[in-house]
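Presented below is the structure to which this report refers.
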Amino acid sequence: MNLFADIHSLVIDALTQMQSEGTLPADLDFANVTVEPPRDALHGDMATNAAMVLAKAARMKPRDIADTLAIKLAADDRITSADVAGPGFLNLRLAPDVWLSVIPDAIKTGNDFGRSTMGGGKKVNVEYVSANPTGPLHVGHTRGAVFGDALASLLDFAGYNVTREYYINDGGAQVDVLARSAYLRYLEANGQEVQFVDGTYPGDYLVEVGEDLKAKYGDSLVGKPESEWLADLREFSTAAMMDLVRKDLASIGVKMDVFFSEKSLYGTGLIETALDNLDAKGLIYQGTLEPPKGKLPDDWEPREQTLFKSTEHGDDVDRPVKKSDGAWTYFAPDIAYHYDKIERGFDELIDILGADHGGYVKRMKAAVSALSDGKVPLDIKLTQLVRLYKNGEPFKMSKRAGTFITLHDLVKLVGADVTRFVMLTRKNDAPLDFDFDKVLDQSKDNPVFYVQYAYARINSVLRKANEAGIDVSETALIASDTSNLGHDAELAVARKIAEWPRLLELAAKHNEPHRIAFYLYELASEFHSLWNRGKDDPDLRFLQDDKIAVSQAKISLIRAVSVVISAGLGILGVTPMEEMR
RNA sequence: GCACCGAUAGCUCAGCUGGAUAGAGUACCUGACUACGAAUCAGGGGGCCAGGGGUUCGAAUCCCUUUCGGUGCACCA
């Protein structure tokens, strides 16, 4: 049930009727007509912009349209008043029982309340994290992981068929570096003194890999030339790193559907096929790129390479797909990978990348646009940097000083739930300040606990009611008589609940899970407010002595609140807490 | 030099793809615990929405431009 959608279709019906009566011209586009909560509750329960949006195309005055529309809408049972205001807003008030009807519906539907069919089962691929398999995940990856995961859940909830995917960059030179670094740890495990020169990874997460290598190979690789062990160690250490990555992801509640290996593209002809596809469209050519304007690299020299004409699809310059020695650039397998996604039949692609990859957005979009003939949209969401703070001071990360904060550290220090909620309480394209002390502070300063507290309080009331012998089973609450409710403070909560399905669709439409976090905060606020009003006005307390039916109605209201909190937190991947003592 | 992202209350941020008098939290000032959890609530002050132009009935939101911050800029991934 989505009340805003219901009233929206009521408005559209009325407008269509006006067309058939000749009050409105026949050729009008209703796409921009919205029904939304007004900014100021004094204006009404819902407002529609229909008159203003249509005025121009209909060549009529907004207020004239609004007046006629108001009469039609007011005729509906659900509408108690329809007033024209300001430049042509139409403010609607709904009968209390319409709002209250959302309560049994929410309880009945449970964690699926608000689930939408908006996505129509369209296949969406969400690619996120995709960190190089060369070490543990760090703070930046964490944000991408949390954001991508919440977005995937959000889209799933909105009716899309979602695949969560991780692209393993296991084909490039960085994997050679990993293998050499692991070899050094292997030598160490065999009792040798080793030096980690520049260009190797000194992190101690490879110590265990070195020991595992010793267990597998004994000392048979010691002193052997690189050519004899490099390939094996690449394989062995990337597998070990991916185990690490999977563990890290699992610790923060992220589970991928597909791990796609870059290496698996080589030798299958897929890269060639993808580029042939572009070539057939006349988008591949041999050429020489202009030097970059501004600062010129010291070793710049004109080079003829195989180029992709990405400028045809909105990029600033054409991009090389082959190096001057004929080998593929990193971009070629990326193209093939996205080609594969298109071939797998996805209707929509979403990539979550760190802000440092901002330079790839245009070229990747160009490639997907070219490969799919513009049929498959690619949305690339960049997650901006995470700035760490401790005691209000910026916290500098340094691998050398050992102050490098990994996902593992983060989860150990503040927990998965707090990490997720805090990182989702921000737009993805705004930088995020993450203060260790603040997020751990269990106070109203911290939105995580504010929402959790509301949930815990509601459960507390349910326990109390149960002790008092009131039947608060799901069936009893669904059957409770909501006409016992009706105070403004109670209706305000019901209205907020009714907004949930609408908000969810908006968040999904814009790929913005942070809206859920903010909504939950507002919902919690409405609830806390109602709670405290019960102190001054005994009629607003949830448990009413000797009035079981009234108590049940009031409890059903807050039970509906907890249902929405639970559903919302579920999308964000945060566990609701029954108790917080 | 170019591209992308950001700039909203002292501070941290929302602002529902153009709507009504721009909102929360925090901090500061007042109040509310002898009944459901005070990790809460009620009230108050606090704004040139970075600056300037434009588009229109209407702009924090769209376009242009300037300034300041962040990120990235030939075969590395």
Side-chain angles (χ1 to χ4, degrees), chain A residues 32 34 36-40 43 47 49 52-53 55-56 61-62 85-89 91 132 169 171-175 262 288-297 299-303 305 315-317 319-320 322-325 327-331 333-334 354-362 382 384-385 425-427 429-431 433 435 438 441-447 449-450 452-454 456-457 460-465 468 499 502-503 506-507 509-510 512 514-515 518-519 521-522 525 528-536 538 541-545 551 554-555 579-581:
Chain A
N32 290 323
T34 63
E36 53 193 59
R39 180 173 298 178
D40 190 335
H43 292 136
N49 62 355
M52 288 180 292
V53 172
K56 201 171 194 176
K61 286 183 189 155
F89 279 104
N91 290 323
N132 285 345
N169 281 109
Q174 78 280 5
V175 184
E262 175 195 353
T288 309
L289 287 173
E290 295 283 314
K293 297 200 171 62
K295 60 160 195 188
L296 192 66
D299 58 344
W300 193 89
E301 54 182 42
R303 266 192 289 256
Q305 301 175 268
D315 201 356
D316 304 312
V317 290
R319 305 291 177 178
K322 273 188 183 177
K323 303 177 197 173
S324 49
D325 66 5
W328 299 118
T329 64
Y330 69 90
F331 188 37
D334 274 359
D356 53 341
H357 289 67
Y360 308 143
V361 173
K362 284 189 180 180
L382 298 177
Q384 291 294 324
L385 296 188
T425 315
R426 198 109 325 167
K427 283 184 298 201
D429 48 10
D433 289 342
D435 190 315
K438 261 192 193 155
D441 185 20
Q442 305 202 351
S443 76
K444 54 189 165 186
D445 198 8
N446 191 338
F449 287 93
Y450 188 81
Q452 294 276 31
Y453 181 42
R457 259 183 160 178
S460 173
V461 176
L462 286 166
R463 282 193 300 270
K464 277 276 192 299
E499 274 180 43
R502 172 177 179 273
L503 179 115
L506 281 170
K509 186 175 160 196
H510 297 291
E512 291 183 342
H514 77 272
R515 296 192 192 200
F518 282 94
Y519 167 82
Y521 188 90
E522 290 165 14
S525 175
H528 286 310
S529 176
L530 178 61
W531 176 293
N532 277 73
R533 292 192 62 165
K535 289 182 174 172
D536 297 330
R541 287 174 193 160
F542 306 126
L543 302 180
Q544 300 283 329
D545 292 339
S551 298
K554 289 179 185 295
I555 292 166
E579 246 182 303
M580 299 176 69
R581 306 252 185 205

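All values reported here derive from a predicted model rather than from experimental measurement. We use all heavy atoms of the structure for the numbers below, so side chains are in, but hydrogens, waters and symmetry mates are not. Every chain is numbered from 1 and lettered A, B, ... according to where its sequence line falls, protein lines coming before strand lines.
Counting only heavy atoms from C-beta on, A:Asn91 has its side chain closest to B:A20 among B:U40, B:A20, B:C36.
Nucleic acid contact class of A:His510 (heavy atoms, under 4.0 Å, all strands): base. The residue A:Glu522 sits apart from the nucleic acid: no heavy atom pair falls under 4.0 Å. Residue-level contact check: A:Leu289 touches the backbone only, with heavy atoms under 4.0 Å from sugar-phosphate atoms and none from bases.
Both tests pass for A:Lys322 against the ring of A:Trp328: distance under 6.0 Å to the centre and angle within 45° of the axis.
Remark: the backbone N or O of A:Gln544 is paired with a side-chain donor or acceptor of A:Ser551 at under 3.5 angstrom.
As a whole-Å value, the separation of A:Asp536 CG from B:G43 C1' is 13 Å. Rounded to an integer number of Å, the gap from NZ of A:Lys56 to P of B:G58 is 10 Å. With rounding to whole Å, A:Arg39 atom CZ is found 11 Å from B:G18 atom C1'. One can place CE of A:Met52 at 13 Å from P of B:A59, the figure rounded to the nearest angstrom. Atom CZ of A:Arg515 and atom C1' of B:C16 are 5 Å apart (whole Å).
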*Summarise how protein sits on nucleotides 3-12 of chain B as a single string, 5' to 3': B when a protein heavy atom is under 4.0 Å from the base, S for sugar-phosphate-only contact, - for no contact.*
SSSS-----S
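Taking the 5.5 Å centre cut-off and the 30° plane limit, the aromatic side chain of A:His357 is not classed as stacked on B:G72.
Using a 4.0 Å cut-off, some side-chain N or O of A:His514 falls inside it from OP1 or OP2 of B:G15. For the OP1/OP2 pair of B:A42 and a distance below 4.0 Å, the side-chain nitrogens and oxygens of A:Ser529 include at least one atom meeting the criterion. Residue A:Tyr521 places none of its side-chain N or O atoms closer than 4.0 Å to OP1 or OP2 of B:U26.
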